[in-house]
*Asks:* 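Following this message is one structure expressed as structure tokens.
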Amino acid sequence: MQHAISIDTDQFKQSFREEAREILIDLESALLELNEHVEDRELVDRVFRALHTIKGSGAMFGFERLAAFTHQLETAFDRVRSGKSPVCAELIDLTLGAVDAIRSMLEDDEGSKESCLCQEILTKVRQLAEFPDEPSVTMGVSIPDKFTASEPAREWRIHFAPGAAMLRNGANPLLLLRELRALGELSIRACTDKIPPLSEIDPERCYIAWDLALTTEAGEQSIRDVFIFVEGDCELTVGPADSQSDRAATASNERSSADAQSSEDPHATTGNIRNLLCRREPRRKNQCMNFRVAQMRIPADQSPFYGLFAHGNCINARAIITDFDQYARALMSSSKADPRGSRLAILCAYLR
Amino acid sequence: MGVTRISIDGTILIRLDGEIGIDASAELREFLITACDETRNLRISLKEVSELDVTAMQLLWAAEREAPVRGIRLEFDSETPSAVQNAFSDAGLPIPNQSLHASENV
């Protein structure tokens, strides 16, 4: 039975595939350059970021096998990045081979024809980069940022409440919780008191919120990174459990974009949108899926959207995003289903 | 694949099959509402479910909560596949068969 707002997850997946293909081209290019300049830290960072983006986005869009595979490669290059492992021609060759395997997984994430090859690549990569196989890692499970462990294990309290549009925008809270669980020991309390009676439930909205206790060696940023693609679509607080004052200081409510755009003050709206763009990089060639300018070290004023919101102009940012969104929907519903539509729709969802 | 409904001797069986995600949630909601209006005996089968998302889980949770209040005997098939168990566990929700809302006393 069709319902009013049809969510075509295949479109999101297809959009991810297209973006990932572009990232893989850049990854190959970076690897080939790195082969010629093994001391170039920027190239190592570029490889790492590409792998990180493919892993994170892949997990987000349900490519769990691809994400788990890429996570291992990412761990290897994180070790290279931190000076724990050297760059060598063999690692680069293996990673180039891995790029081909990732391409296959993009087309058929459930397939098994590449499994042996993938395992062989991972075994060699782990030997070269000198990190052990993680017992929990299988080719079907998304494993996130254990590599960012940089602190003694501590307990964190996390409150995560999906916003009204989060599911419609293609996000899956269960994947986020699973990714969080992979960071350490997680206890979950689901808050179900907001679930209305059956007759009042909007079936495309998540009414459940979660109070989580996570004991992990990962830092706060690694925890927040789990939510990077939904941070404007949810309430999120993260704070250490062992200090009430720390928690109060750290647990800032991040219902940022939605609240920011509902502000009555156009200057405030403009400023908040600008802040949002500083954290989210709009689509750029070869760096498509990562919206964090800060992480990508791309100045916000290079963003093609920056001019719209700069100079304190009193503009209606919400109206502009709505226009973009309508244009995206028109592209998606056109007879040829222009794939740019789904990409633009995703961008609009993030900007909201 | 999806949600189907069968009526047998006054008992309504709602059967979920395959991947039950946001695309199926509106239909599942309508089936549950209609069934709760039409019967005192409702069965839900999850044994053919390969994937269950949070929209479906919260609908099942709401149905389980409402059934006893409305005098409806709601039973889940005893066979709960691991994918379903894992989904509920990952969400921090009780697995339906083990739920405190079970309506044996109705």
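Residue numbers begin at 1 in each chain, while the letters A, B, ... track the order of the sequences. Both backbone and side-chain heavy atoms feed into the values below; hydrogens, waters and symmetry mates do not.
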*Asks:* Give a yes or no on this: more than 12 heavy atoms of other residues, nucleotides or ligands lie within 6.0 Å of atom CZ of A:Arg17.
*Replies:* yes
*Asks:* Quick one: which residues of residues 208-215 of chain A reach chain B at under 4.5 angstrom, heavy atoms only?
*Replies:* A:Ile208, A:Trp210
*Asks:* Return the option, out of A:Pro173, A:Ser187, A:Pro196, with the maximum number of heavy-atom pairs under 4.5 Å with chain B.
*Replies:* A:Pro196
*Asks:* Does the side chain of A:Thr192 reach to within under 4.5 Å of the side chain of B:Arg65, using non-hydrogen atoms?
*Replies:* no
*Asks:* Check B:Arg29, B:Glu27, B:Gln58 against A:Pro203 for a side-chain contact (heavy atoms from CB on, under 4.5 Å) and give me the one that passes.
*Replies:* B:Arg29
*Asks:* What pair of heavy atoms forms the shortest contact from A:Leu177 to B:Ala91, and how long is it?
*Replies:* CD1-CA, 4.2 Å
*Asks:* Which residues satisfy the salt bridge (charged side-chain N to carboxylate O under 4.0 Å, His left out) test with A:Arg181, sequence neighbours excluded?
*Replies:* B:Asp90
*Asks:* Show every ring-ring contact (aromatic ring centres under 6.0 Å, His included) that has at least one partner inside residues 171-202 of chain A, sequence neighbours left out.
*Replies:* none
*Asks:* Of the non-hydrogen atoms in A:Ser199 and B:Ile33, which two are nearest, and what is the gap between them?
*Replies:* CA-CD1, 3.7 Å
*Asks:* Assess whether atom CD of A:Glu185 is packed by more than 12 heavy atoms of other residues, nucleotides or ligands within 6.0 Å.
*Replies:* no
*Asks:* Who wins among A:Leu198, A:Ile188, A:Asn172, A:Leu174 for the most heavy-atom pairs under 4.5 Å with chain B?
*Replies:* A:Leu198
*Asks:* For the residue pair A:Ile195 and B:Ala62, what are the closest heavy atoms and their distance?
*Replies:* CG2-CB, 4.0 Å
*Asks:* At a heavy-atom separation under 4.5 Å, does B:Ala87 approach chain A through its side chain, its backbone, both, or neither?
*Replies:* both
*Asks:* Which atoms of B:Leu52 come close to chain A, meaning under 4.5 Å heavy atom to heavy atom: side chain ones, backbone ones, both, or neither?
*Replies:* backbone
*Asks:* Enumerate the salt bridge (Lys or Arg N to Asp or Glu O under 4.0 Å) contacts for residues 5-14 of chain B, please, sequence neighbours excluded, ordered by first and then second residue.
*Replies:* B:Arg5-B:Glu38
*Asks:* Quick one: CD on A:Glu204 to CG on B:Asp23, what's the gap to the nearest 0.5 Å?
*Replies:* 8.0 Å
